[in-house]
**Q** 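Right, I'll just put the structure down here and ask away after.
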Amino acid sequence: MSEPLAPQYDPNAIEAPLYRQWKADRLFDAGRAGDPYVLMMPPPNVTAQLHMGHGLNNTVQDALARFERMRGRDTLWLPGTDHAGIATQNVVERLLAKEGQTRFDLGREEFVARVWQYVRETGATILEQLEAIGSSCDWTRTYFTLDEGLSRAVREAFVRLYEKGLIYRGHYIINWCPRCLTALSNEEAEKEEVDGHLYHLRYPLAAGGHLTVATTRPETMLGDTGVAVHPGDERYQHLIGTEVLLPLTGRRIPIVADDAVDPAFGSGAVKMTPAHDPTDFDIGRRHGLATIDIMTPEARIAETAPERFQGLDRFEARKRVIAELESLGLLEKIEPHRHAVGHCYRCGTIVEPRLSDQWFVRMAPLAEPALAAYRDGTLRFIPERRGDEYVQWLESIRDWCISRQLWWGHRIPVWYCDAPECGHQTVSRTDVTACAGCGGRVRQDDDVLDTWFSSWLVPFSSLGWPDRSADLDRYYPGDTLVTAPEILFFWVSRMVMAGCEFMGQSPFSTVYLHGTVRDTQHRKMSKSLGNGIDPLDVVERYGADALRYTILAGMTVGTDLILDPTDLESSFAAGRNFANKLWNAGRFIVSNVDGPTRPLAGVRADVVRHEELTLADRWIIARCDAIVIEATDAYERYRLNDAAAVLYRFLWSDLADWYIELIKPRLYGDIAGGDVARAVAVSVFDAALRCLHPVMPFITDALWRRIPGRAAEATIMRAHWPRPDRRAPDEEAVRDFTLVQELIGTIRAIRAEYNVQPGQQVRAIVTGLSPAARRGFSAELGTIVRLARLASLGFEATDERVGGHAALSDGSSLFVPLGDAIDLGRECRRLGDEVTRLRQLIDAQENRLGNAQFTARAPADVVERERQKLRSWTDQAGVLTAKRELLGC
RNA sequence: GGGCGAAUAGCUCAGCUGGUUCAGAGCGCCUGCCUUACACGCAGGAUGUCGGGGGUUCGAAUCCCUCUUCGCCCACCA
């Protein structure tokens, strides 16, 4: 009825058109009957290109979405992108640099317009790329964090938090990226261990002598305004309250006592640079120390320092400071020192702690409900241990610096009065044009908000919040969040906090944290290392299903996925081969079923009744029921690799290698029962395709649609999840048929062992049969004879002696007489030659091991290996000799 | 410095609550096959001190201790 299928599966011809069909038929869109099931996609950067991390993340989500959809839930997989403030601004600034311009040349408005233009041109790419791997997102609800609605949500959240006193502006030390020229949150300053130095400097005391201080950043001494010691430190009691003469600057600075100083570290005296170190800032504030900012935003030495240092890069200045101190005899020593240094998470530049005015969110009050959600079980993590990290972070949470000195993003909704004598500050949901205090001119805060300040609202802002929309009612809170552990703190924890704060409950109940994609050296795949794999390239060469299969089959819960970027074939061929195997199994079944088949269960008269089923039929049905249960269980437990493996084994080994092979005579009409075989084959194939659909959506739908009897518009996406036969499992069929398989396999092994020609028939004799085995062998006699290439299967002992023996697992004995099946003379000669060859090897080896020189001088493991060789050869020779005796040579 | 994870075939990994699918899968390797769905295939085969050492137990890849090696998260000893 349908067009003939090609023997080679061509994913390129199937996948893309099928995706277009699904999309046109609106199969991804939420809004059906059923319990809602909501997956929130971690928004990729709007200008990102698809990489393997996206591939993994979205494959997992898509598998879950498809599974739940088929189980009858109203599935909403909500896609979107974020504006990625720093990253996107950097990209456009680099483009401008090529034209020899900076953003300052354009001015703010013009620059932002340029970024918008860039985003509009490239922005949809990442989402289109997600389509290529089969992502069944609800594209009608796609969001972007700078959309009008989401921007309104950002202002609403800001104003509400401000009004509750949870947002404040403060003058503190923050992490500053001198390259991106903006403040960063603690999470954005990635701590990394580096090998640095600990410099011991001598500060001359005003009263004579000197005090040694230790520092890792000697250049900051230009901004020192004090030295601190521990109040209980007896070495320095007499110095507290006195002064030192700060070298290179000529400043006199006080020595103070503070509990925060660890007397055991270094010399026990710490130089205080309140403008460039958070601890020093705190201590300085307690003791009224001055703050001297000695660096420009670019981290060059500023005009507040002596002239000869001005304009020097911080690391140049470090060298210069050390050189000068050394020449003054004030450098005591330099020790190697390993310590953690913050790096900008966008550009890798070493972060500089910097004193500045920024906006902060007070986090402790927000953290409490987020902790409670985890502790009362409404929020869980997979794998579970990730919950500990979550708790640890929330319990020691620090305030969140949310202002960024960028132009691309949500501008902070605060307006300041221009009039210095008024100084009023207005925080507003809507744009402000006049001062609420004096009616004068206002200007909006120059800074924008951290991108994550919009991302943390996404679970509800993307559904219409702050409006009380129908979507918000139906789809909040969602169910599962699938993401990489890297953004647990950036995004996941904050979403829970925002959800609890603004919606009263966590935005999801399960957080599934998957691993990272790495190369064979376990390095994270990245553009800069050049060790990435382009998922689209894989789709092109192997197909999206092959990509998905490889990802899911290779990924255990909570572990990383290792792929070899230099050898795509070894990584992805398995998936492609499986797709091709499926394709051909489907091709075989479809082409051997010309019309509607009788159903296996039902009330009509034409159903296949149990009595009509052969042992093999009952076996494959029982196996199918079992794998439906196993696969369902695996999906429910997020063990997608188990689901993939179970289905792979069933479809390839059970269905293709065994069942299809042994129903051929029935299908070809050589023996009766063809229509029953067709019904069974179609039924189990159909069920397995459905179970496999979340893993390999394209080929399963392509084949499923071609099963005869389908309506034209039928799609597996709308098929319900298979339900196993609820009757007691047919254990008898499984047991009996397994023994049939064992018998066939054993006969085949004997044939191979004795070099029986493929076309040569042999006899097989089984004695000592259990009733179950006897029953099974009789039921599938034809199958056994055909697949083992037998002339006959007998159950009476024979007095023949030449042939192969084996014991079967039910206790019966198998004998395959070979006297008339092989050329005895030739086989004896072959075995004889082989034994002779082994004897020679054994002699030589015994000589070698008998040589005292060798055993004394060779390494122990080499000797052991040689001994093993000897043992193995001796064993082989024994086996062959026994074989010769059996054959009567 | 604190916390956590991993180590099983040449490679990538399963092995869940100790014991009848316990030593497994895929790839790779060896042997033989173009058997009318599939050579991206079929049949058969080889390969392991389950990281080292100690312990608990009738029994350990599995539980405990310890060591080694890799990896991750957290951290204001300057």
Side-chain angles (χ1 to χ4, degrees), chain A residues 5 7-9 173 186 191 198-199 213-217 220 228 260-273 277-283 337-340 353 383 385-386 388-390 392-393 396 398 485-486 488-489 515-516 518 520-524 542 546 550 553-564 567 569-592 637 639 641-642 645 648-649 652-653 656-657 660-661 664 668 738 744-745 748-753 755-759 786-789 809 864 872:
Chain A
L5 305 179
Q8 285 259 322
Y9 174 59
I173 300 274
N186 294 322
K191 287 292 175 67
L198 189 60
Y199 302 85
V213 297
T215 178
T216 54
R217 295 185 294 146
T220 61
V261 178
D262 175 6
F265 186 87
S267 63
V270 194
K271 60 189 272 312
M272 291 288 110
T273 322
D277 184 279
T279 309
D280 293 4
F281 180 78
D282 290 341
I283 296 175
H337 183 64
R338 196 164 169 76
H339 61 142
R385 63 189 149 80
R386 295 287 181 181
D388 294 340
E389 285 176 32
Y390 172 85
Q392 198 187 359
W393 186 78
S396 57
R398 285 177 287 169
E486 290 98 274
L488 179 57
F489 306 135
T516 307
R518 297 176 185 278
T520 47
Q521 294 167 57
H522 296 184
R523 299 176 306 179
K524 201 169 163 175
Y542 299 92
T550 299
M555 197 196 56
T556 315
V557 172
T559 64
D560 289 338
L561 177 66
I562 312 292
L563 294 172
D564 186 352
D567 185 5
E569 186 70 13
S570 79
S571 296
F572 298 100
R576 178 205 50 198
N577 294 354
F578 183 37
N580 194 51
K581 186 71 183 180
L582 263 181
W583 180 254
N584 278 289
R587 199 158 71 99
F588 178 83
I589 289 171
V590 167
S591 63
N592 281 288
R637 297 167 64 196
R639 300 180 66 111
N641 59 323
D642 282 352
Y648 181 95
R649 262 197 295 279
W652 199 312
S653 306
D657 287 350
I660 286 182
E661 220 39 66
K664 279 177 179 173
Y668 296 154
T738 304
I744 293 169
R748 281 171 170 171
I750 288 173
R751 295 179 59 111
E753 199 181 345
N755 274 338
V756 179
Q757 294 305 302
R786 192 165 54 89
L787 295 187
R789 303 222 174 184
S809 60
E864 184 49 36
S872 137

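Within every chain, numbering begins at 1; the chains are lettered A, B, ... in the order of the sequence lines, protein sequences first and strands thereafter. For the numbers below, each heavy atom of this structure counts, side chains included, while hydrogens, waters and symmetry mates do not.
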**Q** Look at all strands and tell whether Thr516(A) reaches a base, only sugar-phosphate, or nothing, counting heavy atoms closer than 4.0 Å.
**A** nothing
**Q** With respect to the side chain of Arg576(A), which nucleotide from C76(B), A14(B), C40(B) is positioned closest?
**A** C40(B)
**Q** How far does the C1' atom of U35(B) sit from the matching atom of U47(B), given to the nearest Å?
**A** 29 Å
**Q** Can you check whether Thr516(A)'s main-chain N or O pairs, donor with acceptor, with Asp560(A)'s side chain at less than 3.5 Å?
**A** yes
**Q** Atom CG of Asn580(A) and atom C1' of G41(B): how far apart are they, to the nearest Å?
**A** 9 Å
**Q** Reckon Thr738(A) has a side-chain N or O less than 4.0 Å from the OP1 or OP2 of U21(B)?
**A** no
**Q** Quantified in whole Å, what is the P atom distance between nucleotide G5(B) and nucleotide U66(B)?
**A** 14 Å
**Q** Given atom CE of Met272(A) and atom C1' of A78(B), what is their separation to the nearest angstrom?
**A** 7 Å
**Q** If you take all heavy atoms of Glu569(A) and Arg576(A), which pair is closest and at what distance?
**A** OE2-NH2, 3.2 Å
**Q** Considering residues, nucleotides and ligands other than Lys524(A), do more than 12 of their heavy atoms fall under 6.0 Å from its NZ?
**A** no
**Q** Would one find a side-chain N or O of Trp652(A) under 4.0 angstrom from OP1 or OP2 of C42(B)?
**A** yes
**Q** In whole angstrom, give the distance that lies between atom CG of Leu488(A) and atom P of C4(B).
**A** 17 Å
**Q** Measuring only the P atom in each nucleotide, how far is C70(B) from G44(B)? A whole number of Å is fine.
**A** 43 Å
**Q** Can a donor-acceptor pair under 3.5 Å be found between the side-chain atoms of Arg386(A) and the base atoms of C73(B)?
**A** no
**Q** Heavy atoms only, 4.0 Å cut-off, all strands: where does Phe281(A) land among base, sugar-phosphate and nothing?
**A** nothing
**Q** It should be established whether Arg398(A) places a side-chain nitrogen or oxygen under 4.0 Å from OP1 or OP2 of nucleotide C76(B).
**A** yes
**Q** Name the nucleic acid region contacted by Ala264(A), choosing base, sugar-phosphate or nothing; use a 4.0 angstrom heavy-atom cut-off, strictly under.
**A** nothing
**Q** By nearest atom, which of the nucleotides C13(B), C4(B), C74(B) is closest to the Thr556(A) side chain?
**A** C13(B)
**Q** Would you call the rings of His337(A) and Phe265(A) parallel, tilted or perpendicular, taking 30° and 60° as the class edges?
**A** perpendicular
**Q** Quick one: which of A37(B), A78(B), G2(B) gets closest to the side chain of Gln392(A)?
**A** G2(B)
**Q** Side chain of Asn577(A): nearest nucleotide among C38(B), G26(B), G41(B)?
**A** G41(B)
**Q** Figure out the NZ/C1' separation between Lys524(A) and C70(B), and round it to whole Å.
**A** 18 Å
**Q** Heavy atoms from C-beta onward define the side chain here; which of G26(B), C13(B), C38(B) lies closest to that of Asn584(A)?
**A** C38(B)
**Q** Can you identify which nucleotide, out of G32(B), A78(B), G44(B), has its nearest atom closest to the Pro758(A) side chain?
**A** G32(B)
**Q** For Glu661(A), answer base if it contacts any base atom (sugar-phosphate contacts may also be present), sugar-phosphate if it contacts only those atoms, and nothing otherwise; contact means non-hydrogen atoms under 4.0 Å.
**A** base
**Q** Quick one: does NZ or CZ of Lys664(A) land under 6.0 Å from the six-membered ring centre of Phe588(A), within 45 degrees of the ring axis?
**A** yes
**Q** Could you walk me through whether Asp642(A) and Arg637(A) pass the salt bridge (charged side-chain N to carboxylate O under 4.0 Å, His left out) test, one step at a time?
**A** CA-CA 10 Å; Asp642(A) 282 352; Arg637(A) 297 167 64 196; over 6 Å; no
**Q** Heavy atoms only, 4.0 Å cut-off, all strands: where does Ala573(A) land among base, sugar-phosphate and nothing?
**A** nothing
**Q** With distance as the sole test, does Asp277(A) use its side chain to make a donor-acceptor pair with the main-chain N or O of Thr273(A) at under 3.5 Å?
**A** no
**Q** Sticking with atom C1', work out how far C67(B) lies from C11(B), rounded to a whole angstrom.
**A** 27 Å
**Q** Below the 4.0 Å mark, does A37(B) have OP1 or OP2 next to a side-chain nitrogen or oxygen of Lys664(A)?
**A** yes
**Q** Figure out the CG/P separation between Asn186(A) and A75(B), and round it to whole Å.
**A** 8 Å
**Q** Sticking with atom P, work out how far C22(B) lies from G15(B), rounded to a whole angstrom.
**A** 15 Å
**Q** Any sub-3.5 Å donor-acceptor pair from Arg751(A)'s side-chain atoms to Gln757(A)'s backbone N or O?
**A** yes
**Q** Distance check needed: C38(B) C1' versus Tyr648(A) OH, whole Å only.
**A** 13 Å
**Q** Of the nucleotides A78(B), C76(B), C38(B), which one has an atom closest to the side chain of His339(A)?
**A** A78(B)
**Q** Counting distance alone, no hydrogens or angles: does the base of C27(B) have a donor or acceptor under 3.5 Å from a partner atom on the side chain of Ser570(A)?
**A** no
**Q** Can you find an N or O donor on one side and an acceptor on the other, under 3.5 Å apart, linking the side chain of Lys581(A) with the base of C38(B)?
**A** yes
**Q** G15(B), OP1 or OP2 - any side-chain N/O from Arg639(A) closer than 4.0 Å?
**A** yes
**Q** Tell me which of Arg748(A) and Ser396(A) sits closer to the 5' end of RNA chain B, going by the nucleotide each one is nearest to.
**A** Arg748(A)
**Q** Would you tell me if any nitrogen or oxygen in the side chain of Thr215(A) comes within less than 4.0 Å of OP1 or OP2 on A78(B)?
**A** no
**Q** Of the candidate nucleotides C40(B), C38(B), U35(B), which contains the atom at the shortest distance from the side chain of Gln8(A)?
**A** C40(B)
**Q** I want to check one thing: is the phosphate of A37(B), taken as OP1 and OP2, less than 4.0 Å away from some side-chain N or O of Tyr668(A)?
**A** yes
**Q** I want to verify a distance call: between C72(B), G5(B), A78(B), whose nearest atom is closest to the Arg518(A) side chain?
**A** C72(B)
**Q** Looking across every strand, which nucleic acid part, if any, lies under 4.0 Å from Val213(A) by heavy atom: base, sugar-phosphate, or nothing?
**A** nothing
**Q** Over all strands shown, is Ala749(A) touching base, sugar-phosphate only, or nothing at heavy-atom distances under 4.0 angstrom?
**A** sugar-phosphate
**Q** What nucleotide among A43(B), G5(B), A78(B) has an atom nearest to a side-chain atom of Asp657(A)?
**A** A43(B)
**Q** Using whole Å, what does the distance between atom C1' of nucleotide A37(B) and atom CZ of Phe588(A) come to?
**A** 6 Å
**Q** Provide the distance between the two P atoms, one in A46(B) and one in U8(B), to the nearest whole Å.
**A** 23 Å
**Q** Return the value, rounded to whole Å, for the distance between atom CZ of Arg786(A) and atom P of U36(B).
**A** 13 Å
**Q** Please classify the nucleic acid contact of Thr559(A) as base, sugar-phosphate, or nothing, using heavy-atom distances under 4.0 Å.
**A** sugar-phosphate
